[in-house]
2 protein chains.
Amino acid sequence: MTNGKEATLHHRILSDIEGRIVSGEWPPGYRLPFEVDLAVQYGCSRMTANKVLTHLARAGLIERRKKSGSFVSQPVTQAAVLEIHSIEAEVRSLKLPYSYRLERRVRREASPIDRQHLELTETASVLDLVCLHHAGGRPFCLEERLINLMTVPEAEGEDFSKSAPGTWLISQIPWNTAEHRIYAQSSSAEVAKTLDISRNAACLVVERRTWGSDGPVTFVRFTYPGERHALVARFTPGAGS
Amino acid sequence: MTNGKEATLHHRILSDIEGRIVSGEWPPGYRLPFEVDLAVQYGCSRMTANKVLTHLARAGLIERRKKSGSFVSQPVTQAAVLEIHSIEAEVRSLKLPYSYRLERRVRREASPIDRQHLELTETASVLDLVCLHHAGGRPFCLEERLINLMTVPEAEGEDFSKSAPGTWLISQIPWNTAEHRIYAQSSSAEVAKTLDISRNAACLVVERRTWGSDGPVTFVRFTYPGERHALVARFTPGAGS
DNA sequence: TGGGCAAACATGTATATACATAATAATCCG
DNA sequence: CGGATTATTATGTATATACATGTTTGCCCA
């Protein structure tokens, strides 16, 4: 998305203003020049200045008030972007050989706990899957997944013995909303055995709930063993330009 | 930022197209109507249609190719936005009384480990702080922080006995880049004692490194006790409209 | 003095227009 | 027939213009 070398007037003005804000030259609360003044300053029309300011406002770097002008916003909350790829991509980016094994595949009526996980109010059929992802011959991640067969009936025809359900699902459900919960947990005896780690070792758990346009799609819990894993997130204000 | 009730032509067109994409009516790879056709369809000028499409492209929902047209993009990686507020705001949002205590405040030359944490190549003076955040009378979060006195010399004049360094820093350093690492760790004897939890209990650790325009600013490690805490991140494609 | 009205001001939105650019389609000619 | 040239097409960027909208400022008059 960010080419780094776009020399349009728009980009020049944008990165110039962005630079002043990021560098602190224009501190939070500072009122930037009016649109017309910016237009004169950069030798462009007001429309172009307006576009740039609209852009900055959408990125959260500035706030705009009619009559008063545009102001550099206070950095209130820091938003970090966590990119969550597929497990296979994650392993391969570590230059490790990847393998996958399906441990369990059960079709059943949703239990109360299942319904809570999927945020279902009514009863429904679900597919209960457990898979194990390996990296370099060692257990890398335990995946426990519920698929809502009301919204993804096609899942019943897949056996998921060869490839992970996440990859298949993403090609089936076009777009969605997702909610993530990230927490630490001591490994239970069962998890410790599966992941080949000691009992009570700290695990990083990432839970994800996904919705499509027809309702809840899937709930998945990834358990990463031990203290070897970390999620890394980078944040730069105004990113995405 | 998102008002929810803006009835401008721009917003109507945008949410209509967004809806078609999110609902799957226009699946990944689908070529949307040309700008001129959209303009006719919605009864607006090409400029308005162009703005909407530019907007969608920036949000990552579509990709645009000259001559060929605009296409719904493949959902490749899921990006979750983690909002990281101040600890105090976090505690207060849980409707719990908040208190803060400074445990240590040492000024020293950066050790090799400090330099690694701050990504410093040369030697420098740092401020080493340890603070404890309480929620409802119980330890909520352990904060271990290094402040680079090369970039923030003003920090030496602050004693941080009353308020947390994070709040003060955010008002001093205008904008920055940050990198986060999130992982699980068994509590050491020392951490267990400080946080009043059992030895080897799983803790969620969030490390953050921050840069200003003059270089590395601060390194901080937040250790959340036990399994009571979770980071929650929500993701909707095209969010931020 | 103060309440209210009007002017001005800055942004917000939308249009028509123009030309640049990149990729494809059509054509021409050896 | 096939490679090179030209035309067409759709997007990309920028401008000038117009009017709407929400604030502030100041003025007028009771």
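All values derive from a computational prediction rather than experimental measurement. These numbers come from the heavy atoms of this one structure, side chains and all, not from hydrogens, waters or symmetry mates. Below, read A as the first sequence line, B as the second, and so on, with proteins coming before strands; counting in each chain starts at 1.
Listed nucleotides: C:dT11, D:dT13, C:dT13. Nearest to the side chain of B:Thr8: C:dT13. In the set C:dA10, D:dT11, D:dT17, the nucleotide with an atom closest to the side chain of B:Glu35 is D:dT11. Taking every side-chain heavy atom of B:Ser45 into account, C:dT15 is the closest of C:dT15, C:dA14, D:dG12. Which of C:dT11, D:dG12, D:dT24 sits closest to the side chain of A:Lys67 comes down to D:dT24. Relative to the side chain of A:His10, the nucleotides D:dA14, C:dT11, D:dT13 differ in distance, and D:dA14 lies closest.
Phosphate proximity of C:dT15 to B:Thr48: present, with a side-chain N or O under 4.0 Å from OP1 or OP2. The phosphate of C:dA22 (OP1 or OP2) has no side-chain N or O of B:Arg65 nearer than 4.0 angstrom. Considering only side-chain N and O atoms, B:Arg46 lies nowhere under 4.0 angstrom from the phosphate OP1 or OP2 of C:dA16.
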Walk me through it: do B:Phe140 and B:His134 pass the test ring-ring contact (aromatic ring centres under 6.0 Å, His included)? CA-CA 5 Å; B:Phe140 178 81; B:His134 286 259; 9.8 Å; no
Intermediate values then yes/no, salt bridge (charged side-chain N to carboxylate O under 4.0 Å, His left out), A:Arg20 and A:Asp16: CA-CA 6 Å; A:Arg20 286 172 201 267; A:Asp16 188 68; 3.1 Å; yes
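A:Tyr183 and A:Glu207 share a side-chain donor-acceptor pair at under 3.5 Å. A donor-acceptor pair shorter than 3.5 Å cannot be found between the side chains of B:Tyr30 and B:Glu25.
Map A:Gly43 and B:Phe34 each onto its nearest nucleotide of DNA chain D; the residue landing nearer the 5' end is B:Phe34. Along DNA chain C, the nucleotide nearest to A:Met47 and the one nearest to A:Gly69 differ in position, and the one closer to the 5' end is contacted by A:Gly69. Heavy-atom nearest nucleotides on DNA chain D were determined for B:Pro33 and for A:Leu9, and the one closer to the 5' end corresponds to B:Pro33.
Between the P atom of D:dG12 and the NE2 atom of A:His11 lies a distance of 12 Å, rounded to the nearest Å. Here the C1' atom of nucleotide D:dG12 and the CZ atom of B:Arg58 are 15 Å apart, to the nearest Å. A straight line from CD of A:Glu63 to P of C:dG12 spans 12 Å, rounded to a whole angstrom. The interatomic distance linking A:Asp37 (CG) with C:dT11 (P) rounds to 9 Å, in whole Å. Whole-Å rounding puts the A:Asn50 CG to D:dT15 P distance at 12 Å. Atom pair A:Arg31:CZ and C:dT11:C1' shows a separation of 13 Å (rounding to whole Å applied). Atoms NZ (A:Lys66) and C1' (D:dT25) sit 18 Å apart, rounded to a whole Å. Remark: P of D:dT23 and CZ of A:Arg64 are 15 Å apart, rounded to the nearest angstrom.
No engagement by B:Leu53 is indicated, since no non-hydrogen atom pair under 4.0 Å with the nucleic acid exists.
Exactly one of B:Val52, B:Ile13, B:Ile17 qualifies for a side chain to side chain contact (heavy atoms under 4.5 Å, CB included) with B:Leu38. That residue is B:Ile17.
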